[in-house]
Amino acid sequence: METELTQLRHSAGEMPAEKLLSWCFETFGSRVAIASSFGAEDVVLIDMASRVAPDLRVFTLDTGRLHQETYEIMDEINERYGIAVEVCFPDKRRLGAMAHKHGHNLFYRDISLRQLCCKVRKMEPLKAKMSELDAWVCGLRQEQSVTRNSICKIEGDHANGLFKINPLMDWSHQDVWDYIKKHKVPYNKLHDKGFPSIGCAPCTRPVGMCEEVRAGRWWWEDPEKKECGLHAHATSK
Ligand code: SF4
């Protein structure tokens, strides 16, 4: 994977977002998909990709604990772009066993229980989706948090055995919103209610003016550890 990663970075690692997306869909065809939690960066990627890849694939993880506003934007995106977002659900038996053993709100009690919930509701469905893909596209940006400041545009996702593409890696918050306004992209109404980062309802709160973008995610935990595991294994250097 390292040799191929070096070659891919040589070909496309410096491309601006739209060109990188175009290259990505040409290179990987139906074996690449945009991962969306329907935050601002994700709708930018979907809008941009719809201009260069009419057959784009988008998938999302429906953890069963999302906000109503997130389901609304999901429907709106399907309608606007004429796509059918691929929805990945957790395994019902795993959910049942977890709730039976630890309760429905286990995430607040202990970091290991929070990670268990993320594993069952996000990581395991993601792993199943990854088996269909050679690469996935994410809306990660370096300035979002301390856990993301070393990401690259093209990374090796060794845990899943595929490549991860971050076209908006060097975009600012302002760049994202300028694009949304310029292209009249539909966006998640949670952003108007003080949520800069979109996640599950019990684990995401609005943030104040001076707080960092992801401060509202698992706000009771140490900032150095605030990832759900989806973006924890890529090779960025
Ligand atoms: Fe569970 Fe919260 Fe993780 Fe969602 S973000 S999967 S509710 S722990």
Side-chain angles (χ1 to χ4, degrees), residues 33-43 45 58-75 77 85-131 133 136 138-141 144-148 151 157 159-160 164 166 187-191 193-208 211-234:
I34 296 173
S36 175
S37 57
F38 297 97
E41 290 80 6
D42 302 332
V43 294
L45 286 175
V58 180
F59 73 89
T60 193
L61 306 176
D62 183 350
T63 62
R65 303 295 297 255
L66 303 179
H67 294 86
Q68 174 63 12
E69 289 88 341
T70 301
Y71 293 107
E72 286 167 7
I73 184 66
M74 211 183 296
D75 282 345
I77 289 285
V85 171
E86 300 165 33
V87 183
C88 311
F89 297 100
D91 181 272
K92 276 192 230 161
R93 280 170 304 179
R94 295 273 293 146
L95 277 184
M98 181 173 71
H100 182 70
K101 189 165 179 193
H102 301 293
H104 292 282
N105 292 318
L106 66 167
F107 24 79
Y108 296 132
R109 298 213 315 266
D110 187 271
I111 190 166
S112 63
L113 291 177
R114 196 277 285 169
Q115 287 168 340
L116 172 67
C117 185
C118 284
K119 180 170 182 279
V120 171
R121 292 182 187 273
K122 294 181 174 180
M123 296 298 294
E124 291 173 359
L126 177 74
K127 191 102 188 156
K129 176 53 72 177
M130 292 298 169
S131 65
L133 304 173
W136 56 314
C138 304
L140 304 190
R141 293 186 297 105
Q144 280 171 324
S145 69
V146 290
T147 57
R148 297 186 174 180
I151 61 169
D157 178 351
N160 293 302
K164 184 163 150 189
N166 303 311
Y187 64 87
N188 196 320
K189 294 302 174 280
L190 285 171
H191 292 307
K193 298 175 184 174
F195 292 79
S197 178
I198 307 299
C200 291
C203 298
T204 314
R205 64 156 172 78
V207 304
E211 288 184 292
E212 72 157 24
V213 171
R214 285 173 60 80
R217 304 292 296 277
W218 309 293
W219 63 91
W220 61 92
E221 290 181 5
D222 176 351
E224 306 283 335
K225 295 178 180 152
K226 288 203 302 183
E227 289 288 355
C228 55
L230 299 183
H231 302 295
H233 303 290

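Only this structure's heavy atoms are used, side chains among them; waters, hydrogens and symmetry mates stay out. Because the structure is predicted, anything quoted here is derived from the model rather than measured. Order of appearance sets the numbers: ligands from 1, and atoms from 1 within every ligand.
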Looking at side-chain heavy atoms only, is the closest gap between Lys129 and Trp136 below 4.5 Å?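 No, every pair of side-chain atoms sits at 4.5 Å or beyond.
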Which heavy-atom pair separates Arg205 from Ala215 by the least distance, and what is that distance?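 So the two residues come closest at NH2-O, 3.8 Å.
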Under 4.0 Å from a heavy atom of [X]: which atoms of ligand 1 are those, numbered in the order shown and with their elements?
X: Lys122; value: 5 (S)
X: Arg121; value: 1 (Fe), 6 (S)
X: Cys203; value: 2 (Fe), 5 (S), 7 (S), 8 (S)
X: Cys200; value: 4 (Fe), 5 (S), 7 (S)

Backbone or side-chain N/O/S of Cys118 under 2.8 Å of atom 4 (Fe) of ligand 1: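 It does not: Cys118 brings no N, O or S atom closer than 2.8 Å to atom 4 (Fe) of ligand 1.
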Identify whether the distance between the nearest side-chain nitrogen and carboxylate oxygen of Glu72 and Lys189 falls below 4.0 Å.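 Lys189 and Glu72: not salt-bridged.
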Are any side-chain N or O atoms of Arg217 and backbone N or O atoms of Ile198, one a donor and one an acceptor, separated by less than 3.5 Å?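 A pair under 3.5 Å: yes.
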Between the main-chain N or O of Leu190 and the side-chain N or O of His67, is there a donor-acceptor pair closer than 3.5 Å?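 Checking the backbone N and O of Leu190 against the side chain of His67, no donor-acceptor pair under 3.5 Å is found.
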Tell me which part of Arg114 gets within contact of ligand 1: side chain, backbone, both or neither, using heavy atoms under 4.0 Å.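 Arg114 to ligand 1: contacts from backbone and side chain alike.
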Nearest 0.5 Å please: distance from the CG atom of Leu116 over to the CD1 atom of Ile111.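 That separation rounds to 12.5 Å.
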Using a distance threshold of 2.8 Å, state whether an N, O or S atom of Cys117 lies below it from atom 2 (Fe) of ligand 1.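 So Cys117 does not bind atom 2 (Fe) of ligand 1 by this criterion.
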